[in-house]
Participant: 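Before we start, here is the structure in question, set down as structure tokens.
Computed from a predicted structure; not experimentally measured.
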Amino acid sequence: MIDREKVDIAIIGGGPAGMTAAIAARKKGIENLLLIERNESLGGILNQCIHEGFGVEIFKEALTGPEYMQRFIDEIRKKEIPYILNSMVIDISEDKELTIVNESGLHRINAEAIILAMGCRERTRGQIGIPGSRPAGIYTAGAAQNFINLRNLMPGKRIVILGSGDIGLIMARRLTLEGAKVLAVVEILPYASGLPRNITQCLEDFGIPLYLRHTVIDIRGKSRVESVKIAEVDDKGCFIRGTEKEFECDTLLLSVGLIPENELSRKAGILLDPVTGGPIVNDRLETSVEGIFACGNSLHVHDMVDFVTMEGELAGIHAANFVRGAVNKKGRIKVRPGNGVRYTLPHYINGDSDVRLSLRVREPWRNRRLVVKGDERTLKEIRKLRLNPAEMIRIELKKEEFGDLKELSVEIK
């Protein structure tokens with residue numbers, strides 16, 4: 001399988017982040033690298049995302065997922081970057097030894113640097129504790145997307161969707177176009193979790209009702225889902241008696257959030273952010289373990305693949321610099337979320353280069369200011385007519401603004 005025992009850079013994950021990281025590292029002159037993908041083809045989740053909307057930032061055109069990924073696959077092949085498929089990394093040791101399993105057996109390689117680009121996973125029924133029986137017909141939205149887009153299989157005919165995340169919204173439209181009846185999208189929050197454009201294009205345009213401040217309180221059925229009961233919830237998330245509604249259906253889709261793939265990060269001893277679920281990183285995207293970098297949805301969940309791609313490129317550049325002997329400081333300036341901000345990335349800044357901050361707000365806001373402060377001194381104010389938790393915000397900061405700061409914060413006013 002592998003004709004060498006040591007590589008300069010190992011990239012785990014052949015999706016948009018991993019492919020871009022590999023391409024960027026090769027452009028920096030790294031020849032001895034390896035891209036590792038657990039599926040049967042490169043591209044990651046984009047293989048099943050046949051809707052448009054990818055590439056608007058980078059290519060200035062709306063592409064489908066397969067069209068977008070093919071551009072990077074072509075570049076991987078053009079640059080003759082080595083990659084292996086159907087190969088799962090099951091362990092990373094503290095000295096950066098990777099254990100890989102595939103059909104040819106168990107293999108170990110050592111890497112000077114590692115880039116984590118494993119993507120994210122969906123929360124399941126067990127993780128959110130939905131009561132009721134356990135019949136067939138309960139899927140994550142991503143699994144349903146795989147069935148219908150890659151396998152030509154309909155997951156059901158009468159469908160309720162729990163959660164208003166973007167995958168669930170897109171699947172509401174997709175299933176409707178294929179002849180299914182989407183009875184309702186149910187969201188426990190007082191606002192939708194997905195992007196506003198998806199609410200309009202995937203629900204409102206098709207007359208699909210959205211129930212805010214509601215959740216599923218019971219699933220009924222023996223061999224197959226027969227009905228789903230929902231109810232309104234109060235401010236504490238407890239359902240309100242007398243508000244129950246029951247839908248006769250054969251399928252329940254779950255679109256209740258995404259989590260960075262972090263098992264390998266934990267095994268490598270990397271410190272994780274309790275809010276994002278991904279690694280704590282500095283502005284070089286280096287984790288708490290020297291020489292291990294993280295990017296894309298394995299670092300934090302993005303709303304646009306273009307931003308995943310940009311982050312992968314940055315990780316590839318800094319991993320290449322590390323291999324070539326550059327000293328990656330851990331970061332002297334701590335970055336923290338302030339009032340109204342859920343999280344900020346990176347967590348630490350070195351202060352010797354320009355930085356792009358990424359952040360999400362806790363709840364929807366209208367006509368507010370984003371204020372960047374350094375040691376309580378205001379560095380930048382940005383007026384925003386609308387702030388939405390579903391949309392990641394990016395703020396550009398110049399190195400001249402950092403000076404001798406010890407702490408940076410972003411808050412809403």
Side-chain angles (χ1 to χ4, degrees), residues 12-18 37-39 44-49 88-92 115-130 138-146 161-171 186-189 192-195 198 215-216 237 252-281 285 287-289 292-305 307-308 311-312 315 337 341-347 358-362 388-392:
I12 307 173
E37 170 56 45
R38 65 184 177 185
N39 291 323
I45 199 67
L46 293 187
N47 286 296
Q48 65 188 51
C49 298
M88 173 76 78
V89 178
I90 60 173
D91 192 31
I92 302 176
I115 298 176
L116 305 176
M118 299 88 65
C120 58
R121 64 180 185 270
E122 295 177 278
R123 285 190 173 91
T124 63
R125 176 185 178 179
Q127 289 174 297
I128 60 174
I130 303 175
I138 305 172
Y139 307 102
T140 63
Q145 187 181 57
N146 182 284
I161 300 176
L162 175 60
S164 59
D166 288 311
I167 302 176
L169 298 177
I170 289 166
M171 284 309 298
V186 183
E187 172 58 60
I188 195 170
L189 296 172
S193 300
L195 294 170
N198 285 333
T215 192
V216 171
L252 174 66
L253 295 192
L254 305 178
S255 180
V256 290
L258 302 169
I259 309 169
E261 287 282 8
N262 54 24
E263 288 85 357
L264 290 177
S265 303
R266 292 181 188 277
K267 288 183 177 182
I270 292 169
L271 296 178
L272 301 181
D273 184 324
V275 176
T276 66
I280 291 175
V281 297
L285 298 183
T287 69
S288 59
V289 176
I292 300 183
F293 300 79
C295 59
N297 286 343
S298 63
L299 176 58
H300 62 130
V301 177
H302 294 62
D303 54 337
M304 290 186 64
V305 73
F307 296 158
V308 167
E311 212 168 71
V341 177
R342 184 165 176 261
Y343 72 81
T344 53
L345 274 169
H347 302 83
S358 298
L359 60 102
R360 288 187 189 272
V361 296
R362 291 186 179 276
N388 193 311
E391 298 177 89
M392 192 168 70

Participant: Please name the pair of heavy atoms, one in V281 and one in A294, separated by the smallest distance, quoted to 0.1 Å.
Facilitator: CG1-CB, 4.4 Å

Participant: Calculate, to the nearest 0.5 Å, the distance between atoms CG and CG belonging to L285 and L299 respectively.
Facilitator: 6.5 Å

Participant: Taking the side chain as every heavy atom from C-beta outward, state whether Q127 and E122 have any atom pair closer than 4.5 Å.
Facilitator: no

Participant: What I'd like to find out is whether the side chain of M392 reaches to under 4.5 Å of the side chain of M304, using heavy atoms alone.
Facilitator: no

Participant: Rounded to the nearest 0.5 Å, what separation is found between the CG atom of D166 and the CG atom of L258?
Facilitator: 9.0 Å

Participant: For the CG atom of D273 and the CG atom of L345, what is their distance to the nearest 0.5 Å?
Facilitator: 6.5 Å

Participant: Indicate the atoms forming the closest heavy-atom contact of S298 with P260, along with that distance.
Facilitator: O-CB, 3.4 Å

Participant: Counting only N and O atoms by type, is there a donor-acceptor contact under 3.5 Å from the side chain of Q48 to the main-chain atoms of Q145?
Facilitator: no

Participant: Is V308 close to N297 at the side-chain level, that is, under 4.5 Å between some pair of heavy atoms?
Facilitator: yes

Participant: Using a 4.5 Å cut-off on heavy atoms from C-beta on, say whether the side chain of C120 contacts that of V301.
Facilitator: yes

Participant: Can you name the nearest heavy-atom pair linking I90 to L264, along with the distance?
Facilitator: C-CD2, 3.8 Å

Participant: When rounded to the nearest 0.5 angstrom, what is the spacing between CD1 in I280 and CD1 in I270?
Facilitator: 10.5 Å

Participant: If you round to the nearest 0.5 Å, how far is CZ of R360 from CG of N388?
Facilitator: 9.5 Å

Participant: If you apply the rule side chain to side chain contact (heavy atoms under 4.5 Å, CB included), what do you find for I130 with L162, and how did you get there?
Facilitator: CA-CA 10 Å; I130 303 175; L162 175 60; 3.5 Å; yes

Participant: If we only count heavy atoms from C-beta on, is the I161 to V186 side-chain gap below 4.5 Å?
Facilitator: no

Participant: Looking at P279 and S265, what are the two nearest heavy atoms and their distance?
Facilitator: CG-OG, 3.9 Å

Participant: Quick one: does S358's side chain get under 4.5 Å of H300's, heavy atoms only?
Facilitator: yes

Participant: Please answer whether the main-chain N or O of G44 pairs with a side-chain N or O of N47 as donor and acceptor at a distance below 3.5 Å.
Facilitator: yes

Participant: Show the nearest heavy-atom pair for residues A315 and I115, with the distance to one decimal.
Facilitator: O-CD1, 3.8 Å

Participant: For the pair E261 and R38, find out whether any cationic side-chain nitrogen is under 4.0 Å from an anionic carboxylate oxygen.
Facilitator: yes

Participant: Provide the closest heavy-atom pair for A17 versus G296 in the form atom of the first, atom of the second, distance.
Facilitator: CB-CA, 4.0 Å

Participant: How many angstroms lie between atom OG of S255 and atom CD of E187, to the nearest 0.5 angstrom?
Facilitator: 8.5 Å

